Amino acid sequence: MQAGNILPSFKAKFDGHSTSEEVLRDVDLSGKRYIVTGATTGLGFYSAKMIAAKGGKVTITARSGDRARETIKSLREELGSEIDADTFDFLVMDQMDLAQVKAAAEDFLSRNRQLDGLLLNAGWFGSEYKLSGTV
Ligand SMILES: NC(=O)c1ccc[n+]([C@@H]2O[C@H](COP(=O)([O-])OP(=O)(O)OC[C@H]3O[C@@H](n4cnc5c(N)ncnc54)[C@H](OP(=O)(O)O)[C@@H]3O)[C@@H](O)[C@H]2O)c1
């Protein structure tokens, strides 16, 4: 199916009350890997969990390695024992610092893994506009 045709059929089936379980019911993400930024909490955490629940592998990003490890532990606890040992890995980066973003991208590339999608979730709104550091 062409990407341009997906939205109308999606909108015909789902609305703001649809759950992720309903949306993903017939989806199989086996063999796919995604990067989810800001997966330590909130929507990013849940997105990482649902991708893994559907068989995908997830590289999460966090601002600290300790927080990333805690997050993966929590994800594994919530998902149970059927999740493969290599389902999750992590990258460390603060997205306000482009040098860290570049280093994280290089770290990912050095692992020679496929990448099927990016879920760029990290962030917040309503805060003052600020320029990030440059590389
Ligand atoms: N929740 C909503 O109703 C809603 C509605 C519309 C849009 N959104 C958008 O959806 C996204 C997630 O929302 P949420 O409510 O789940 O947010 P959240 O619970 O506040 O989580 C934000 C995530 O972003 C990470 N993060 C924050 N600043 C970062 C930085 N400088 N570098 C790297 N990571 C950073 C946090 O990591 P740490 O653990 O390091 O803090 C955390 O994992 C945001 O972009 C938000 O604007 C949310």
Side-chain angles (χ1 to χ4, degrees):
M1 182 185 283
Q2 293 294 309
N5 296 333
I6 290 173
L7 195 55
S9 66
F10 184 88
K11 282 185 164 176
K13 284 197 252 174
F14 306 112
D15 62 21
H17 300 286
S18 303
T19 65
S20 48
E21 284 83 358
E22 288 166 349
V23 172
L24 294 173
R25 181 164 294 139
D26 299 322
V27 173
D28 179 6
L29 299 179
S30 303
K32 309 269 190 204
R33 175 172 290 277
Y34 299 86
I35 291 177
V36 179
T37 66
T40 59
T41 185
L43 299 174
F45 181 92
Y46 200 74
S47 300
K49 179 180 168 182
M50 291 309 296
I51 290 169
K54 289 292 162 178
K57 301 204 184 298
V58 189
T59 298
I60 67 163
T61 78
R63 284 187 276 191
S64 93
D66 284 348
R67 188 117 160 86
R69 278 182 278 273
E70 281 166 25
T71 300
I72 289 174
K73 185 166 176 276
S74 302
L75 285 163
R76 297 189 67 80
E77 281 168 5
E78 291 199 15
L79 285 160
S81 56
E82 287 177 25
I83 296 300
D84 291 343
D86 67 341
T87 295
F88 297 108
D89 66 357
F90 68 88
L91 299 166
V92 175
M93 64 175 176
D94 182 334
Q95 290 178 219
M96 290 301 290
D97 180 347
L98 289 186
Q100 289 190 36
V101 176
K102 186 165 184 271
E106 287 167 352
D107 185 353
F108 184 81
L109 289 173
S110 75
R111 298 176 192 182
N112 287 319
R113 291 193 159 148
Q114 70 180 51
L115 179 61
D116 297 283
L118 285 169
L119 207 164
L120 301 175
N121 158 83
W124 66 100
F125 50 61
S127 62
E128 189 184 340
Y129 175 74
K130 281 194 284 189
L131 285 177
S132 57
T134 52
V135 186

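Read the numbers this way: they start at 1 and go in the same order the structure lists the ligands and their atoms. Because the structure is predicted, anything quoted here is derived from the model rather than measured.
Of the protein's non-hydrogen atoms, Gly123 O, 4.1 Å is the one closest to atom 46 (C) of ligand 1. Of all protein heavy atoms, the one lying nearest to atom 23 (C) of ligand 1 is Gly38 O, 3.6 Å. In this structure, the protein non-hydrogen atom closest to atom 34 (N) of ligand 1 is Ala122 CB, 3.7 Å. In this structure, atom 35 (C) of ligand 1 lies nearest to the protein heavy atom Arg63 NE, 3.7 Å. Among all non-hydrogen protein atoms, the one lying nearest atom 6 (C) of ligand 1 is Phe125 CE2, 3.4 Å. Nearest protein heavy-atom contact of atom 45 (O) of ligand 1 is Asn121 O, 2.9 Å. The nearest protein atom to atom 1 (N) of ligand 1, hydrogens excluded, is given as Leu43 CD1, 4.1 Å; this is a heavy-atom distance. Shortest contact from atom 37 (O) of ligand 1 to any protein heavy atom: Thr40 OG1, 3.3 Å.
Nearest heavy atoms, Ala53 versus Leu79: CB-CD2, 3.8 Å. Nearest heavy-atom pair, Ala39 versus Ala48, reported as atom, atom and distance to 0.1 Å: CB-CB, 4.4 Å. For the residue pair Val27 and Lys54, the shortest heavy atom distance occurs at O-CD, 3.2 Å.
Within the 4.5 Å cutoff, side-chain heavy atoms of Thr61 are placed close to those of Gln95. Counting heavy atoms from C-beta outward, Ile72 and Arg76 have side chains that approach closer than 4.5 Å.
Shown here, atom 40 (O) of ligand 1 is in close reach of the protein: a heavy atom of it lies under 4.0 Å off. Distance screen at 4.0 Å: atom 28 (N) of ligand 1 has a protein heavy-atom neighbour inside the cut-off.
Side-chain contact check for Asp28 and Ser30: at least one donor-acceptor pair (N or O, by modelled atom type) lies under 3.5 Å.
Put simply, the residue from Leu29, Ile60, Thr59 that forms a side chain to side chain contact (heavy atoms under 4.5 Å, CB included) with Tyr34 is Leu29. Checked options Arg113, Arg33, Gln114; the residue passing with Lys57 is Arg33 (criterion: side chain to side chain contact (heavy atoms under 4.5 Å, CB included)).
Every atom of ligand 1 is numbered from 1 in the order shown, and the set under 4.0 Å from a heavy atom of Asp94 is 30 (C), 31 (N), 32 (N). Atoms of ligand 1 found under 4.0 Å from any heavy atom of Met96 (numbered from 1 in listed order, with element): 31 (N). Within ligand 1, counting atoms from 1 as listed, the ones closer than 4.0 Å to a heavy atom of Thr41 are 18 (P), 19 (O), 21 (O), 42 (C), 43 (O).
Only backbone heavy atoms of Met93 (N, CA, C or O) come within less than 4.0 Å of ligand 1; its side chain stays farther off.
Remark: the backbone N or O of Arg63 is not paired with any side-chain donor or acceptor of Gln100 at under 3.5 angstrom.
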